[in-house]
2 protein chains.
Amino acid sequence: MRGLVRQGALTPEDKALLLGLELETRRVSASEVLWYEDTDADLFCVLKEGWAYSYRHLENGSKQILKLYLPGDIIGLRDFGFSRRLAGVAMINEGVVCPFSYQQLLELFGRSALAVGLMATAVRQQALLTERLVYLGRHDAQERLAHFLYELYLRLKRIGAVEDNSFLMPLSQEQIGDALGLSPVHVSRTFSMLRDDGLVTRDRQQITLPDPEALAQLVEFDDNYINESLPTDLSVLSIASLAVDNRKEPGVHSTVDK
Amino acid sequence: MRGLVRQGALTPEDKALLLGLELETRRVSASEVLWYEDTDADLFCVLKEGWAYSYRHLENGSKQILKLYLPGDIIGLRDFGFSRRLAGVAMINEGVVCPFSYQQLLELFGRSALAVGLMATAVRQQALLTERLVYLGRHDAQERLAHFLYELYLRLKRIGAVEDNSFLMPLSQEQIGDALGLSPVHVSRTFSMLRDDGLVTRDRQQITLPDPEALAQLVEFDDNYINESLPTDLSVLSIASLAVDNRKEPGVHSTVDK
DNA sequence: CGAACGGTTGACAAGGGTCAAGTTCGGTGG
DNA sequence: CCACCGAACTTGACCCTTGTCAACCGTTCG
């Protein structure tokens, strides 16, 4: 940071913005909750003293800590681009924080909707990661697989790749295991359980979810982290796609591996 | 995206940038590797067709899949701000990608070093998450705890909160369990094992790592994701701190108390 | 002094890993 | 058209890691 300042990397705009911030620090006590899961996301903080953590409470009564924040860390970038908090944050010991509003962050990105969108996209990917972390930490094989399939179902539906609650899934069970932290053998067993419960049917790579809602309930899926369309729901990709679709060309193959 | 365009949310600068991109699509075959772990990070892609995944290979021979990419997803934001890839990316089936350079991304962020820094900070936090994901998925209790403590050690050292290989850790064993996906009972057992192996000693909240290198080896720690100081290693936080420190109390006791 | 809390230890059970022996299916070659 | 092969999946037996429950201990705090 001093780095940044020294390097003179800050533009006049940056400097103006920084000076314009009304900075205020707040002393917070041990165990104090900075914000709860699912509340309005409006600000983030720099943690100046003390330790904090972000967490998710699960319906089965357990909780998963997602990230520890140490002095100097920024808390709350995770929720940028979402309207509600994906996780709560609480102090561990007493400390000091310095809050900023997302509004200020937006001004920082200033004129570029693309930059905002990219940031939001990155944050969104982080949300998916986070969700998987929760499942690896606190759920058994059946819940992990159910969650995995349901997430896939939602993401594919979003891009129109689901028909009749059914979609193609080109992953081997070994790869699924590598994603969920399970052995391929157990993935197979788990598929059988889900089939026996009538939640998933499968023929080769064709997956069908006879009753997606039932699955959703099993995995307490909060789909707003996938479906929420934020103000700037861009996806540069699509822009890129548009621009490109005109002049197609078969490309170059490079490496392969197995 | 069409959303973005329709909304007219794109500034003239954005549009110019988009038009200025030389877009090229590349057809990629099934199992093709887009890039390997630990190689130079210079570009990212929009996945236009096919499925892909990012992964980490572990020394114990297993592998952890971090994220699945479906058509429309952006691949490689993860590594923005790092010089080397934290994870490999491979195709699952055949598909089409559309590559962009990080350079272009930088131009997008254009004049604001702050914006770049924030993005990099977000990405960096994602790296920590990713690392925990790998440990939850593919490592036993002892390795998880060792990794957790070593990561803490590095992060605290970075901010000067380690003395004589020793630091204060204000977390209860239950909280550690919630972070690592373990029961509090087993956290206790695991601490005992590490103590018996001479890797960690502990007195109340005081943790000492007699031989940090030995720990590092046990957890195959790649510390560049914590220590690498990227070109724009800012941390807005510190700027904030600076701005604030002038007109606030000394309050520089770094952390902790119970 | 006595709760209450966090940590420790032991006994037991369960979820999941590993190994090994099938089974199914798509592809290949005769 | 059929025999064969390999990859992916399935199933069973067995064992190890970890969770659960419970009793116990040491500190801290009222």
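Worth knowing before you read on, the calculation uses all heavy atoms, side chains too, and leaves out hydrogens, waters and symmetry mates.
- Taking a cutoff of 4.0 Å between a charged side-chain nitrogen and a carboxylate oxygen, B:R56 and B:E131 qualify as a salt bridge.
- Over its full length, the helix from C:dC1-D:dG30 to C:dG30-D:dC1 turns its helical axis through 30°, comparing axes from the five pairs at each end and rounding to 10°.
- Between A:I74 and A:F100 there is no side-chain heavy-atom pair separated by less than 4.5 Å.
- Without hydrogens or angle criteria, A:D79 side chain to A:L86 main chain gives a donor-acceptor distance under 3.5 Å.
- What separates CG of A:L171 from C1' of D:dA7 is a distance of 16 Å, to the nearest Å.
- Across residues 188-198 of chain B, B:S188, B:R189, B:S192 each have a non-hydrogen atom less than 4.0 Å from an atom of DNA chain C (numbered order).
- Only A:D140, A:A141, listed by number, bring a heavy atom of residues 132-152 of chain A to less than 4.0 angstrom from any atom of DNA chain C.
- A:R155 and B:D73 are joined by a salt bridge, as a carboxylate oxygen and a charged side-chain nitrogen come within less than 4.0 angstrom of each other.
- Taking atom NE2 of A:H186 as the reference point, atom P of D:dC14 lies 19 Å away to the nearest angstrom.
- Below 30°, between 30° and 60°, or above 60°: for A:H139 and A:Y135 the angle between ring planes is below 30°, a parallel geometry.
- Side-chain N or O atoms of B:N93 include one that pairs as donor or acceptor with a backbone N or O of B:W51 at under 3.5 Å.
- Listed for the A:D211 side chain is a donor-acceptor partner under 3.5 Å among the backbone atoms of A:E213.
- Atom CZ of B:R204 and atom C1' of C:dG6 are 7 Å apart (whole Å).
- Using a 4.0 Å cut-off between a side-chain N of Lys or Arg and a carboxylate O of Asp or Glu, B:R85 and B:D38 do not qualify as a salt bridge.
- A:D140 places a side-chain N or O within donor-acceptor distance of the main-chain N or O of A:Q142, the cut-off being under 3.5 Å.
- Remark: P of C:dG6 and CD1 of A:I92 are 13 Å apart, rounded to the nearest angstrom.
- In this structure, the CG atom of A:N60 is 9 Å from the P atom of D:dT20, given to the nearest Å.
- When the C1' atom of C:dG26 is taken as reference, atom CD of A:Q205 falls 12 Å away, rounded to whole Å.
- Residue B:L182 has its side chain nearest to D:dT18 when only C:dG17, D:dT18, D:dC21 are considered.
- Ion pairing between a basic and an acidic side chain is recognised when a charged N comes within 4.0 Å of a carboxylate O; B:E32 and B:R26 show such pairing.
- Comparing C:dG17, D:dG12, C:dG7 against the side chain of B:Q173 picks out C:dG7 as the nearest.
- Within the 3.5 Å criterion, the main-chain N or O of A:V123 finds no donor-acceptor partner in the side chain of A:Q126.
- Contact annotation for A:G181: backbone-only contact, meaning every heavy-atom pair under 4.0 Å involves sugar-phosphate atoms and none involves a base.
- Phosphate contact (OP1/OP2 of C:dT8, side-chain N/O of B:R202, threshold under 4.0 Å): present.
- Among the atoms of the strands shown, none is found under 4.0 Å from any heavy atom of A:V187.
- Atom-to-atom, CD of B:E174 to P of C:dG7 comes out at 9 Å; the value is rounded to the nearest Å.
- Counting any heavy atom pair closer than 4.0 Å across all strands shown, A:S183 reaches a base atom.
- Of the charged side-chain nitrogens involved, none lies within less than 4.0 Å of a carboxylate oxygen, so that B:E151 and B:R132 do not count as a salt-bridged pair.
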